[in-house]
Amino acid sequence: MGKEKIYILGIESSCDDTAASVLCNGKILSNVIASQSIHQDYGGVVPELASRAHQQNIIPVVDQCLKKAKVSKCDLSAIAFTRGPGLMGSLLVGTSFAKSLAYGLKIPLIDVNHMQAHILVHFIEKEGCEKPTFPFLAMTISGGHTQIVKVDNYFEMTVIGETIDDAVGEAFDKSGKALGLGYPAGPKIDKLGRLGNPTAFKFTKPRVKELDFSFSGLKTAVLYFLQKNTKENPNFIAENLNDICASIQHTIVEILLDKLKLAVKQTGINKIAIGGGVSANSAIREALKKSEQKQGWKTYIPETEFTTDNAAMVAIVGYLKYLKKDFTTQETTAKARLKIQ
Ligand code: KG4
Ligand code: ZN
């Protein structure tokens, strides 16, 4: 008898991406994302607009996802959805949709923590892709979070450091906004920064205790730096854009790396996985790769499509929970704030 096939539909709607993915025994059959461009005009995600767009997108996205996977909804073993953390209006769309579909199909419903999903994305079955072994450290860096997490097992995770104010993605986005780069600015700073000198300008790094982070000071430092220099030379930004981007990025990479070094020292764990939108950043990826030689670390860097919000990461958590028969009920509710444990 062949191995039973477990098909999990994952649904992600925590912020501004409506996404669905089907996995068969942990392997991706389809992975569809509808990103919302509407927020670009506002310099950030507008929650009300995000939930409206999710409502418009959710049915076509799930439909396309099932078609691409060549799977009928009747073949699904369970539905996994992001319960939180995230924007309440956005989460409600995915949560209600997943609950209704699971109810209609009479199949199990599985709730997923978005931040756990960013970490467990490393366990998607892919040929030639090495999975982390436990215990390892995960650094989750996104527009809403900056955490270092000690991962002892799939569902045994402890946050050992986190930001006390802004997330690292906000440092990219707000600095980029001041540079006139629009939203989200992270990918643009990355692109321009590659052409600039990372040590052209110096920004002070925050002093924060132990493994915690702070990024609000860096954002203010960039603002003052730009104000002062544009007063002296109105063309300062245009003339130095690549160097400014490279220098901001360099500072951020140093802040992250310093904390990782401390985390490795404190825990004695030298296996590091990264996840979240900011882990798409080329300078961060390069610095981590180099650390394998320099620090003797083993690093796990997801493919770029699995760094930003996606539903394959939700579906893999769904699969791992399915194996444990860890299901939720129709009474479940979305949670804007949801701790990793
Ligand atoms: O994980 P994500 O898609 O959504 C949240 O859960 O926040 O992360 C979005 C964040 C944004 O702040 C965006 O600017 C940042 O990830 N980002 C990047 C890059 N790509 C996305 N930041 C720096 N470099 C990149 N290449
Ligand atoms: Zn995310």
Side-chain angles (χ1 to χ4, degrees), residues 10-19 21 31 33-37 39-40 42-45 47 50 54 81-87 90-91 94 112-121 138-147 149 162-163 166-179 181-196 198 215 218-219 222 245-253 255-256 274-288 301-314 316-317 336-338 340:
I11 292 172
E12 157 63 32
S13 75
S14 65
C15 190
D16 59 342
D17 296 296
T18 321
S21 173
N31 190 28
I33 303 183
S35 298
Q36 305 174 359
S37 54
H39 308 288
Q40 282 167 7
Y42 298 89
V45 177
H54 282 305
F81 68 97
T82 301
R83 183 182 182 210
L87 300 171
S90 293
L91 290 166
V112 172
N113 179 308
H114 181 86
M115 297 315 293
Q116 274 192 347
H118 271 304
I119 297 174
L120 296 176
V121 74
M139 186 170 71
T140 44
I141 40 182
S142 73
H145 296 269
T146 308
Q147 292 183 327
V149 182
E162 64 189 326
T163 183
D166 289 356
V168 59
E170 287 180 270
F172 273 107
D173 293 336
K174 290 178 181 168
S175 304
K177 192 173 178 187
L179 290 166
L181 296 179
Y183 174 86
K188 289 176 195 150
I189 293 185
D190 187 353
K191 199 166 159 213
L192 299 171
R194 262 178 255 165
L195 309 169
F215 286 100
L218 176 62
K219 167 193 71 188
V222 170
C245 288
S247 303
I248 295 170
Q249 186 163 278
H250 178 70
T251 311
I252 292 176
V253 173
I255 296 171
L256 297 175
I274 54 169
V278 180
S279 62
N281 184 270
S282 60
I284 294 170
R285 296 165 84 88
E286 211 172 289
L288 269 178
I301 303 169
E303 289 163 53
T304 339
E305 66 172 309
F306 302 117
T307 56
T308 41
D309 291 347
N310 64 86
M313 69 182 195
V314 177
I316 190 65
V317 180
R337 287 169 184 273
L338 186 62
I340 221 159

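Computed from heavy atoms alone, side chains included, the values below leave out hydrogens, waters and symmetry copies. Atoms within each ligand, like the ligands themselves, are counted from 1 in listed order.
- At least one N/O/S atom of His118, whether from backbone or side chain, sits less than 2.8 Å from the Zn ion (ligand 2).
- In terms of polar-atom proximity, defined here as any N/O pair under 3.5 Å, Asp190 does make such a contact with ligand 1.
- A donor-acceptor distance shorter than 3.5 angstrom exists from the side chain of Asp190 to the backbone of Ser282, with no hydrogens or angles considered.
- Side-chain atoms of Gln116 come within 3.5 Å of backbone N or O of Ile340 as a donor-acceptor pair.
- Every N/O-N/O distance between Thr308 and ligand 1 stays at or above 3.5 Å.
- At the top of the distance list for atom 24 (N) of ligand 1, counting protein heavy atoms only, stands Asn281 ND2, 3.0 Å.
- Remark: minimum distance from atom 11 (C) of ligand 1 to any protein heavy atom is reached at Asp173 OD2, 3.5 Å.
- The environment of Lys177 atom NZ is sparse: at most 12 non-hydrogen atoms of other residues, nucleotides or ligands sit within 6.0 angstrom.
- Ranking protein heavy atoms by distance to atom 15 (C) of ligand 1, first place goes to Val278 CG2, 3.9 Å.
- Side-chain N/O atoms of Thr140 and His118 include no donor and acceptor closer than 3.5 Å.
- Under 2.8 Å from the Zn ion (ligand 2) lies no N/O/S atom of His145, from backbone or side chain alike.
- Looking at ligand 1, you'll find an N or O of Gly143 within less than 3.5 Å of one of its N or O atoms.
- The protein non-hydrogen atom at the shortest distance from atom 2 (P) of ligand 1 is Asp309 OD1, 3.6 Å.
- Seen from the Zn ion (ligand 2), atom NE2 of His114 and atom OD1 of Asp309 lie 90° apart in angle, a value rounded to 10°.
- For ligand 1, the atoms closer than 4.0 angstrom to any heavy atom of His114 are 6 (O).
- Put simply, the residue from Asp173, Ile141, Asn281 that forms a side-chain contact (heavy atoms from CB on, under 4.5 Å) with Val168 is Ile141.
- Under the 4.0 angstrom criterion for non-hydrogen atoms, Gly144 is in contact with ligand 1.
- With hydrogens and angles disregarded, no donor-acceptor distance shorter than 3.5 Å links the side chain of Thr146 to the backbone of Thr163.
- Formation of a donor-acceptor pair under 3.5 Å by the Lys219 side chain with backbone atoms of Lys174 is not found in this model.
- For atom 22 (N) of ligand 1, the closest non-hydrogen atom of the protein is Gly186 CA, 3.4 Å.
- Using a 4.0 Å cut-off to heavy atoms of Gly169, the atoms of ligand 1 that qualify are 12 (O).
- The protein atom (non-hydrogen) at minimum distance from atom 17 (N) of ligand 1 is Gly277 O, 3.6 Å.
- Residue Gly276 has no nitrogen or oxygen atom sitting less than 3.5 Å from a nitrogen or oxygen atom of ligand 1, judged on distance alone.
- At a heavy-atom distance under 4.0 Å, only side-chain atoms of His118, from C-beta outward, approach ligand 1.
- Ligand 1 has no nitrogen or oxygen under 3.5 angstrom from a nitrogen or oxygen of Phe172.
- With hydrogens and angles ignored, the 3.5 Å screen pairs no side-chain donor or acceptor of Asp17 with any backbone N or O of Cys15.
- Within the 3.5 Å criterion, the main-chain N or O of Ser279 finds a donor-acceptor partner in the side chain of Arg285.
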